Amino acid sequence: MRLAVLKERRAAETRVAATPETVKKLLGLGLGAVAVETGAGLASGIPDAAYREAGAEIAPDAAAALAGAGIVLKVRAPLAAGEGGPDELALIPRGALLIGILGADEAAARAYAERGVDAAAMELLPRITRAQSMDVLSSQANLAGYRAVVEAAAAYDKAFPMLMTAAGTIPAANVFVMGAGVAGLQAIATARRLGGRVTATDVRPAAKEEIKSLGAAFVGHEDEESRAAQTAGGYARPMSAEFLRKQAEVVAGHIAKQDIVITTALVQGRTAPKLVSAEMVAAMRPGSVIVDIAADAGGNVALTRPGEMVVTDNGVKILGYTNWPGRIPAAASALYARNLLTFLATFWDKEAKAPRLPEDDEIVRGVLLARGGQVVHPQFAPAKA
Ligand code: NAD
């Protein structure tokens, strides 16, 4: 069986779905060939030669890479007709297994089914212990949280740690992290390592304990609603307007005293909750920095412009860049590629030297959008009579 790795063509995508390390291991599973499109790794610092050394064939374009492929590895969804590049989806052979962060929705699931492509949307992976090593959202969010703090430090014209010098003392930066999931917890840890004075908020009770265990102080509103804010899947529920109002009351005064605010709050399948209003930003001191990692989902800050840095009239910088893992591409690709390798290795049939995805497996049911020309995902499949 042949496996194809394509160059990512979507805007600002710097990652790649396989590295020389994972190519070697993929070939070790018994694949007949791994074809990597030329230039696929360049934005992550991986030249064609490194893939070739690992045993891959370098294909001159997407069509050549995909010809005869039984498995296709991607970071983002393949381009379709009219998306400003080759129609990658049409080039994927019927019956092939496509694995990536596919931006799963009903229309996408139908498109894969119509093309006869079996599509695994890794962003839908269940958050269970067995799936941790293939969890692309966690590996990427972790790096995003780290990178957000590093970029905040670079954009901040003062220092994170308290600096006591012969010329006097520079105070430590006050850092407030909103949303303490995978990205937020890494942001807390990184900000503390840099010497910031860190506080954080979240709605899930488990997050409050995790904030404290990292040595940060919790700031936030708690009530009956927040005590039940975690879904069985481990995500936050959408909170009521009343809760968000009370939360805003508690954090408004706090935000005014912060030098750095990192926002990471997400609610699965929805636009990001707005947690920082224009008034709150107006009350911050000039030179303060906000990093809104939730910009891909619309942003947690009212003034965020996704993809851009905004400097407000009162001198607050708001970094609303999108694709934060893509801003640390070599590390993000390394972890993402290992996640995909683990997924394939977990469902590998050694005799057939091909993947075997059992229908009744919780992970398979979680990620598979389409199989054998049918939409199979419970969230998107037409209801059975
Ligand atoms: P996420 O990216 O969906 O959300 C980020 C954070 O925003 C979450 O902590 C959420 O509670 C918070 N949030 C949502 N609305 C908010 C609001 N109004 N105010 C403040 N914060 C708000 O979440 P995530 O980082 O992907 O992970 C969520 C949970 O899943 C965590 O508990 C994590 O430990 C768990 N998890 C488990 C596994 C596993 O067991 N395999 C893997 C990954 C994550």
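Just the heavy atoms: all of them, side chains too, but no hydrogens, waters or symmetry mates, feed the values below. Just so you know, ligand 1 is whichever comes first in the structure, and atom 1 is the first atom listed for that ligand. Note that the structure is predicted; figures quoted are calculated from it, not measured. Residues: numbered from 1 along the sequence shown.
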What atoms of ligand 1 come closer than 4.0 angstrom to any heavy atom of Ser138?
42 (C), 43 (C), 44 (C)

Could you point out which residue of Leu97, Leu6, Leu341, Leu26 forms a side chain to side chain contact (heavy atoms under 4.5 Å, CB included) with Leu73?
Leu26

Note: ligand 1 atoms sitting under 4.0 Å from heavy atoms of Gln132 are 39 (C), 40 (O), 41 (N)

Could you tell me how the ring of Tyr321 sits relative to the ring of Trp324: parallel (under 30°), tilted (30 to 60°) or perpendicular (over 60°)?
tilted

Dump the intermediate steps for salt bridge (Lys or Arg N to Asp or Glu O under 4.0 Å) on Glu362 and Arg130, then the final yes or no.
CA-CA 10 Å; Glu362 190 179 358; Arg130 188 164 69 92; 5.3 Å; no

So between Leu125, Val177, Val182, Ile128, whose heavy atom ends up nearest atom 33 (C) of ligand 1?
Val182

Number the atoms of ligand 1 from 1 as they appear, then name those within less than 4.0 Å of a heavy atom of Leu244, with their elements.
18 (N)

At a 4.0 Å threshold, what atoms of ligand 1 neighbour a non-hydrogen atom of Ala265?
7 (O), 13 (N), 16 (C), 21 (N), 22 (C)

With side chains defined as the heavy atoms from C-beta onward, is the minimum distance between Gln247 and Thr201 less than 4.5 Å?
yes

Determine whether the side chain, the backbone, both or neither of Gln247 has a heavy atom under 4.0 Å from any heavy atom of ligand 1.
side chain

Please name all residues satisfying side chain to side chain contact (heavy atoms under 4.5 Å, CB included) with Arg193, sequence neighbours left out, ordered by chain then number.
Gln186, Ala189, Thr190

Atoms of ligand 1, numbered as shown, that sit under 4.0 Å from any heavy atom of Gly234
28 (C), 29 (C), 30 (O), 32 (O)

Test item: side-chain donor near acceptor, Arg127 and Ser138, under 3.5 Å
yes

Nearest-option assignment for atom 39 (C) of ligand 1, heavy atoms, candidates Gln230, His221, Arg127:
Arg127

As a test of the contact definition, would atom 28 (C) of ligand 1 count as having a protein heavy-atom neighbour under 4.0 Å?
yes

May I ask which of Asp202, Thr201, Asn300 has a heavy atom nearer to atom 11 (O) of ligand 1 than the others do?
Asp202

Going by heavy atoms in the side chains, are Val316 and Pro286 under 4.5 Å from each other?
no

Contact (N/O only, under 3.5 Å) between Arg204 and ligand 1
yes

Heavy-atom distances under 4.0 Å are what count here, so tell me which part of Ala180 touches ligand 1: side chain, backbone, both or neither.
backbone

State, with a plain yes or no, whether a side-chain heavy atom of His221 is found less than 4.5 Å away from one of Glu249.
no

Side-chain donor-acceptor pair under 3.5 Å between Gln140 and Arg15, yes or no?
yes

Nearest heavy atom to atom 6 (C) of ligand 1 wins, so pick from Ala141, Gly181, Ala131.
Gly181

Looking at Ala236, which atoms of ligand 1 are within less than 4.0 Å of one of its heavy atoms?
10 (C), 11 (O), 14 (C)

